[in-house]
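What follows is a short report on a single structure.
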Amino acid sequence: MNNEPAERPKILIVDDALDMIEVLIAQLGENHEINFSTTGRHALELAVTTLPDLILLDIIMPEMDGYAICRALKENEATCDIPVMFLTCCSDNDDLVKGFRAGAVDYVTKPFQPNELLARVTTHLQLRQARCEVERKNTELEKALEQNRMLVREVYHRVKNNLNVACSLLNLQKDLVKDSRDASLFVEARNRIMVMCGIHDLLCHSATHTDVPAVDFFTDITHKLLRSYDRREIHPHVECGDLCLDLNVAITCGLIVNELVTNSLKYAFPEGRKGNITLLLTRQGRGMSLTVRDDGVGIPDGLDIATSDSLGLVLVTSLIQQLGGTLEVRRKAGTAFIISFPVN
Ligand SMILES: Nc1ncnc2c1ncn2[C@@H]1O[C@H](COP(=O)(O)OP(=O)(O)O)[C@@H](O)[C@H]1O
Ligand SMILES: [Mg+2]
């Protein structure tokens with residue numbers, strides 16, 4: 001298609017009668033670039049080499065008739081989008097239907113009114129131009145979208161790398177600390193950062209770059225924590241179906257899971273006791289329900305979670321508030337934190 005306004009639209013005229021071609025050139029030649037052919041075979045070649053914007057096609061011709069030429073044009077990838085208009089002496093309804101079935105967009109009956117011919121030709125050229133423009137814009141948009149995706153992927157990748165560096169630095173500092181309680185503070189700080197690192201890693205590889213697959217995310221956190229506390233005798237169970245979380249919800253839920261699983265590993269199974277940690281994410285009406293449960297020794301009786309001022313539980317309470325959620329704690333056969341929160 002001619003995108004340059006200076007270029008004239010190209011028309012290919014196919015008719016076995018040279019005098020008809022002359023008439024058409026006289027009417028259309030001034031504002032259009034015309035190529036013509038008197039046989040089907042040559043017309044098909046010309047269509048491929050000149051890629052016209054419109055083809056005017058006679059129906060009754062020796063060797064190959066207009067229907068056959070039209071079908072051949074539509075079967076060829078290079079020419080299938082070029083609009084074809086029949087020039088026909090036959091205004092019989094069946095002939096016209098046959099023409100449309102072969103892939104034509106319009107027809108004019110001979111002898112034609114010059115004004116009518118020009119009006120129809122102009123309409124189809126404008127339609128074609130509009131279609132080409134839409135296709136061009138679509139291609140541009142797809143390209144821009146892909147560039148945008150690459151940029152987002154790159155940002156996640158860099159954030160992940162920087163968080164990794166922060167984790168390594170905290171690791172190094174932990175090794176320099178003598179007191180084991182102080183060292184555990186460094187481990188906890190590193191593990192919190194590791195949660196965010198994990199999300200960015202998953203988002204680099206996700207197709208949408210916005211949805212975090214919950215099962216991969218929580219499994220990753222749980223396994224890293226088991227390794228970090230060296231508690232291989234404790235079995236993790238993660239069940240989330242195919243639920244995904246958006247970035248902000250994933251970060252908040254990840255930090256909550258990190259605190260609760262850390263607590264289970266630190267306190268629920270003292271002296272090498274074996275057990276299970278179960279993590280469950282389900283849909284609940286318009287929201288979701290996240291359960292972190294262990295079958296350990298349970299939270300000490302005197303401890304009131306709502307009023308506790310220790311960092312882990314304070315963090316969990318404020319993260320649940322951020323989600324606009326509620327907390328239920330079950331203290332039977334271990335400990336279960338059940339968090340319900342709305343999602344958009
Ligand atoms: N799953 C659990 N099993 C047993 N005790 C727990 C559990 N979760 C929390 N606790 C108790 O709650 C206390 C407060 O936890 P938290 O606020 O995370 O602080 P920290 O982990 O720094 O002690 C813990 O010290 C522990 O006694
Ligand atoms: Mg804690």
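All ligand and atom numbering here is 1-based and tracks the order in the structure.
- Residue contacts with ligand 1, taken as heavy atom pairs separated by less than 4.0 Å, involve Leu303 solely via side-chain atoms from C-beta onward.
- Using a non-hydrogen distance threshold of 4.0 Å, Val297 does not register as a contact of ligand 1.
- Residue Asn263: an N/O/S atom is found under 2.8 Å from the Mg ion (ligand 2).
- Side-chain N or O atoms of Arg128 include one that pairs as donor or acceptor with a backbone N or O of Asp81 at under 3.5 Å.
- By the 3.5 Å distance cut-off applied to N or O atoms, Leu313 is counted among the residues near ligand 1.
- Considering backbone and side-chain atoms together, Glu188 places no N or O closer than 3.5 Å to any N or O of ligand 1.
- Looking only at protein heavy atoms, the nearest one to atom 5 (N) of ligand 1 is Tyr267 CB, 3.5 Å.
- Ligand 1 places these atoms under 4.0 Å from at least one heavy atom of Ala268: 3 (N).
- Heavy-atom proximity to atom 1 (N) of ligand 1, evaluated over Asn263, Leu311, Asp294, is greatest for Asp294.
- In this structure a side-chain-to-backbone donor-acceptor pair under 3.5 Å is missing from Arg190 to Lys174.
- Within a 6.0 Å sphere centred on CD of Glu63, other residues, nucleotides and ligands contribute 12 heavy atoms or fewer.
- Within the listing of ligand 1, atoms 16 (P), 17 (O), 18 (O) sit less than 4.0 angstrom from a heavy atom of Gly312.
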